[in-house]
Amino acid sequence: VSAQIKSWYKHGETWDSKFCTIASTYEECRAECVGLYLCLDHSVLRIFGHEGKDAEDVMYVNWLNMVRAGVLGLEFYTPQSKTWRQ
């Protein structure tokens with residue numbers, strides 16, 4: 001089953017103009033998800049010279065760093081306006 005394209009960028013539209021306030025946040029999330037996914041692939045880690053216990057440590061630290069970033073990100077929520085500042 002092939003999906004048909006139902007919409008596209010119109011003349012003059014860009015990622016940032018179309019998605020405004022969420023564009024950079026979404027892009028950052030995408031990049032972090034790719035990094036988390038790739039850090040679980042032993043063949044990718046091997047390219048960078050990480051194998052065995054060293055590779056396991058890279059995976060652990062990468063995930064731990066993302067958890068920490070998520071917790072630290074809570075300070076950017078503004079309850080009064082129910083919005084995120086970053």
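If you read the sequence from its start, that first residue is 1, and numbering goes on from there. Values below: every heavy atom of this structure, side chains too, minus hydrogens, waters and symmetry copies. It should be emphasised that the depicted structure is a prediction, and the values quoted were computed from it without experimental measurement.
Shown here are the salt bridge (charged side-chain N to carboxylate O under 4.0 Å, His left out) partners of E32, two or more places apart in sequence or in another chain: there are none. Under the side-chain contact (heavy atoms from CB on, under 4.5 Å) criterion, S17 pairs with E13, T14, sequence neighbours left out. Applying the side-chain hydrogen bond (donor to acceptor under 3.5 Å, both in side chains) rule to E27 yields the partners R30; only residues at least two apart in sequence or on another chain are considered.
Put simply, CE on M59 and CG on D41 are 8.5 Å apart, with the number rounded to the nearest 0.5 Å.
Applying the ring-ring contact (aromatic ring centres under 6.0 Å, His included) rule to pairs touching residues 22-46 yields W15-Y26, sequence neighbours excluded.
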Name each donor-acceptor pair under 3.5 Å that joins a side chain in residues 44-52 to protein atoms two or more places apart or in another chain, with its distance.
| from | atom 1 | to | atom 2 | distance (Å) |
| --- | --- | --- | --- | --- |
| R46 | NE | E51 | OE1 | 3.4 |
| H50 | ND1 | D54 | OD2 | 2.7 |

Listed pairs under 3.5 Å, donor-acceptor, residues 60-79 side chains, sequence neighbours left out:
| from | atom 1 | to | atom 2 | distance (Å) |
| --- | --- | --- | --- | --- |
| T78 | OG1 | R85 | NH1 | 3.2 |

